[in-house]
Amino acid sequence: MDIEAPGEAKELPKIHRLDESVVNRIAAGEVIQRPVSAVKELVENSLDASSTSISVVVKDGGLKLIQVSDDGHGIRHEDLPILCERHTTSKLSKYEDLQSIKSMGFRGEALASMTYVGHVTVTTITKGQLHGYRVSYRDGMMEHEPKACAAVKGTQIMVENLFYNMIARRKTLQNSADDYTKIVDLLSRFAIHYIDVSFSCRKHGAARADVHSVATSSRLDAIRSVYGLSVARNLIKIEASDNDPSSSVFEMDGFISNSNYVVKKTTMVLFINDRLVECTALKRALEIVYSATLPKASKPFIYMSIILPPEHVDVNVHPTKREVSLLNQEVIIEKIQSVVESMLRNSNESRTFQEQTVESSPSVPSITNNESHLNPSPSGSKSQKVPVHKMVRTDSSDPAGRLHAYLYKKPQNHLEMNSSLTAVRSSVRQRRNLRETADLTSIQELINDIDSKCHSGLLDIVRQCTYVGMADDVFALLQHNTHLYLANVVNLSKELMYQQVLRRFAHFNAIQLSESAPLQELLMLALKEEELDLECNENDDLKMKIAEMNTQLLKQKAEMLEEYFCIFIDSDGNLSRLPILLDQYTPDMDRVPEFLLCLGNDVDWEDEKNCFQSLAAALGNFYAMHPPLLPHPSGEGLEFYRKRKHGKNPQDVGKSSCDIGDDIEIEDEFEHKLLSEAETAWGQREWSIQHVLFPSMRLFLKPPTSMAVNGTFVRVASLEKLYRIFERC
């Protein structure tokens, strides 16, 4: 053992400059603490880009993959080289800009930090560009020059293998379920504040999204969609404000739970100047109010949006911007606390209890008061757990305190039984785990039928194929291994939609129509499109009668259609909602009349299994990617959009043939509005086929054996033979 000699000076540690890569990695670990930190930064960037739709896909809790896609304004090509460098941003240019900052990002550290602890790939396109660009980043630098690629409007950022170079951090984050729950909670909070933006969050490969909100004008509807009816029906709207410069200047609005809401954990969603933050002092102050005002120390649900002058908020106080500092914070909290307390006291004056029906057990017969006096329960005193003097509604001669003597058994009529059944079904539906498939035997039989008829060879083609492009209006060209195939996209999409209806049975999200559509008018449109004699009054009367009968039939089936298929028809016979079968895909609404007529004429409403099968088939045909009704605006189809002169005008008499020819040439122009509509419809269809249909097929479709012989797949060439021909040349 070495003993330091007295008076011998110990060498002082030398200060040296850390390598830049070490500095950047340390800073990255502080900014990106968990996968949810990366998701928050990326979603905030999407919101800063004026996005109206944000989709998040996560794998293994975000450690293997985080993919955030938006439809914002995109990133300029010339900005891509410095996009992921530290402290590069478009949000501010000088420190004073922080005093009036409105965007959520401002430091320019988030993307850079992700490149130091993960592999980042950015795909983006800006308005007016013919194609997008894709580029990968590592350690803040581009790995290669931006490559031109097909892209959807906006930006998609993928972060793969997060914390691959931070072994200790990665080991502490092995519980992927916990991290995914945090990501879902984060997206839920954004969804109820930014109600003009649609949000989606799902696990990679999952059929359904765990968060799916659509743009709406009602905050309460957004809360109901994300957190459920049990929360939304127990909320009170709250508002508070102050405009005294000497004390505080703020505006607050939101929703708080009332006295009927009882849970064990506080949920507080707080936005300050549209920035998702936490405020421990405000949360504690409100919990104190709830514990003092409501029974059982109920834990509240609180959503608040506070708006203050930008110069009164310091946003640069936390590495992840999770907290902010407010001017006159204590005064603001005190005033909000006072308003909340007042609202809760008023709410506590009248409390609602859910009605419960108590029925006597069939194993224990009801007895009268006289019988209870004569035959007290001999075993009652043995099972007594509560002191007799503390029990209520008991007879002193019956220490067991039986309640059967106080029950009045009333026979239930058929209407009451139906009402009770509806209430039970509603309750079960609210509590049901959305990840579980429907437990109806008929649906399970139909799904088993799909599995048993799956063609293994076609399944391998569908899973492993590469989309090449559209060969014509119906067939797409695919490559699988060294073979080229023509695939009928109408048949494929029809089968995929049919299977999706059965697998998502009773768990659909909704497409809200901008205006409710009357069924009878839509059915008349469908009937008129059929080849009937439109000039015959008898046929007109017949069509009207068919439309009326089908309208009444669908109104009778409205409850079942809404519960199982998310098709909402109101009591007046108006259609207002349709189901979402695939995310980012909306069916051709021109085919709604045909779909409704199919529901009325082709569905077997008597047998349960046949009913669900025919309904799924009708939905599959409606959602299938048929060619648009307008001809393709190219080739021979372009002639449809030319303006035509149907006859000579009286003014043309006496004109030379050259003059008349000039007039025809002037009138032989395009119907530009119709042509533009057709180009949009066909372009949208091709985009949906490439970016929605084929990715979804790889995940969900189980092709039936019939597709091997009905022309859905046709092998047209072998690349291996072509390669040999090229080698000979």
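Residue numbers count from 1 along this sequence. Keep in mind that what you see is a predicted model, and the values were worked out from it rather than measured.
Asp221 pairs by the salt bridge (Lys or Arg N to Asp or Glu O under 4.0 Å) definition with Arg224, not counting sequence neighbours. With sequence neighbours left out, Tyr467 forms a ring-ring contact (aromatic ring centres under 6.0 Å, His included) with Phe694. By the side-chain hydrogen bond (donor to acceptor under 3.5 Å, both in side chains) test, Ser696 pairs with no residue at all, sequence neighbours left out. Qualifying salt bridge (Lys or Arg N to Asp or Glu O under 4.0 Å) partners for Asp60, counting only residues two or more places apart in sequence or in other chains: Lys64. Legend: residues meeting ring-ring contact (aromatic ring centres under 6.0 Å, His included) with Phe255, ordered by chain and number and at least two apart, are absent. Listed by chain and number, the residues in a side-chain contact (heavy atoms from CB on, under 4.5 Å) with Val36 are Arg34, Lys182, Ile183, Leu186 (sequence neighbours excluded). Annotation: salt bridge (Lys or Arg N to Asp or Glu O under 4.0 Å) contacts of Arg76 (sequence neighbours excluded): Glu78, Asp79. Contacts of Arg134 classified as side-chain hydrogen bond (donor to acceptor under 3.5 Å, both in side chains), with partners at least two apart in sequence or in another chain: Thr123. Taking Glu278 as the reference, Arg322 meet the salt bridge (Lys or Arg N to Asp or Glu O under 4.0 Å) condition, with sequence neighbours excluded. Partners of Thr266 according to the side-chain hydrogen bond (donor to acceptor under 3.5 Å, both in side chains) rule, which considers only residues two or more places apart in sequence or in another chain, are Glu287.
Relative ring orientation between Phe271 and Tyr303 is described as tilted, the plane-to-plane angle lying within the 30° to 60° band. Between Tyr194 and Phe190, the ring-plane angle classifies as tilted under the 30° and 60° cut-offs. A tilted orientation is assigned to the rings of His77 and Tyr133, their planes being inclined by 30° to 60°.
Atom-to-atom distance recorded for Ile307:CD1 and Ser241:OG is 12.5 Å, nearest 0.5 angstrom. Taking OG from Ser257 and CG from Leu344, the interatomic distance works out to 7.5 Å, rounded to the nearest 0.5 Å. Ile54 contributes atom CD1, which lies 11.0 Å from atom OG of Ser200 (distance to the nearest 0.5 angstrom). The distance from atom CD1 of Ile511 to atom OH of Tyr585, rounded to the nearest 0.5 Å, is 9.0 Å. The line from CG of Leu286 to CD1 of Ile333 is 8.5 Å long, rounded to the nearest 0.5 Å. Annotation: the span from Ile567 atom CD1 to Leu578 atom CG amounts to 6.5 Å, rounded to 0.5 Å.
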Are Val249 and Asp244 close enough, and set up right, to give a side-chain contact (heavy atoms from CB on, under 4.5 Å), and what steps lead you there? CA-CA 6 Å; Val249 178; Asp244 184 1; over 6 Å; no
Exercise for the section: Determine, stepwise, if the pair Arg685 / Asp588 fulfils side-chain contact (heavy atoms from CB on, under 4.5 Å). Expected result: CA-CA 9 Å; Arg685 176 178 183 256; Asp588 185 356; over 6 Å; no
> Given Asp179 and Leu63, is the side-chain contact (heavy atoms from CB on, under 4.5 Å) satisfied, shown in steps?
Replying inline: CA-CA 9 Å; Asp179 283 288; Leu63 291 178; 5.8 Å; no
| field | Leu111/Leu42 under side-chain contact (heavy atoms from CB on, under 4.5 Å): CA gap, chis, key distance, verdict | value | CA-CA 8 Å; Leu111 280 176; Leu42 294 175; 3.9 Å; yes
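Heavy atoms only, all atoms of each residue included: Arg208 and Arg202 are closest at O-CB, 3.8 Å. Closest approach of Leu65 and His204 over heavy atoms only: CD2-CD2, 3.9 Å. Heavy-atom minimum distance, His73 versus Asp48: NE2-O, 4.1 Å. The shortest heavy-atom contact between Ile336 and Met252 is CG2-CE, 4.0 Å. Shortest non-hydrogen contact noted between Ser198 and Ala215 is CB-N, 4.1 Å. Here the closest heavy-atom approach between residue Ser493 and residue Met625 is recorded as OG-N, 2.9 Å.
Counting non-hydrogen atoms of neighbouring residues, nucleotides and ligands closer than 6.0 angstrom, the CD atom of Glu334 reaches no more than 12 such neighbours. Within 6.0 Å of atom CE in Met141, 12 or fewer heavy atoms from other residues, nucleotides or ligands are found, so the atom counts as exposed in its surroundings. For Glu251, the CD atom sits in a loose shell: 12 or fewer heavy atoms of surrounding residues, nucleotides or ligands are nearer than 6.0 Å.
Panel note: side chain Gln337, backbone Ala285; a donor-acceptor pair is recorded below 3.5 Å. Under the 3.5 Å distance criterion, the side-chain polar atoms of Ser136 are left unmatched by any main-chain donor or acceptor of Glu143. Judged purely by atom type and a 3.5 angstrom limit, Asn273 uses its side chain to pair as donor or acceptor with the backbone of Leu308. Here the side chain of Ser342 pairs no donor or acceptor atom with the backbone of Ser338 at under 3.5 angstrom. Glu85 places no side-chain N or O within 3.5 Å of a backbone atom of Ile82 that could act as its donor or acceptor partner.
Thr52 and Asp71 share a side-chain donor-acceptor pair at under 3.5 Å. A side-chain donor from one of Asp242 and Ser248 sits under 3.5 Å from a side-chain acceptor of the other.
For residues 35-63, no residue pair satisfies the ring-ring contact (aromatic ring centres under 6.0 Å, His included) rule, not counting sequence neighbours.
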In a table with atom names and distances, give each donor-acceptor pair under 3.5 Å that connects a side chain of residues 147-163 to protein atoms at least two apart or in another chain.
from   : atom 1 : to     : atom 2 : distance (Å)
Thr155 : OG1    : Thr124 : OG1    : 3.0
Gln156 : NE2    : Ser69  : OG     : 3.2
Asn161 : ND2    : His119 : ND1    : 3.4

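Using a 4.5 Å cut-off on side-chain heavy atoms (C-beta onward), Cys201 and Val184 make contact.
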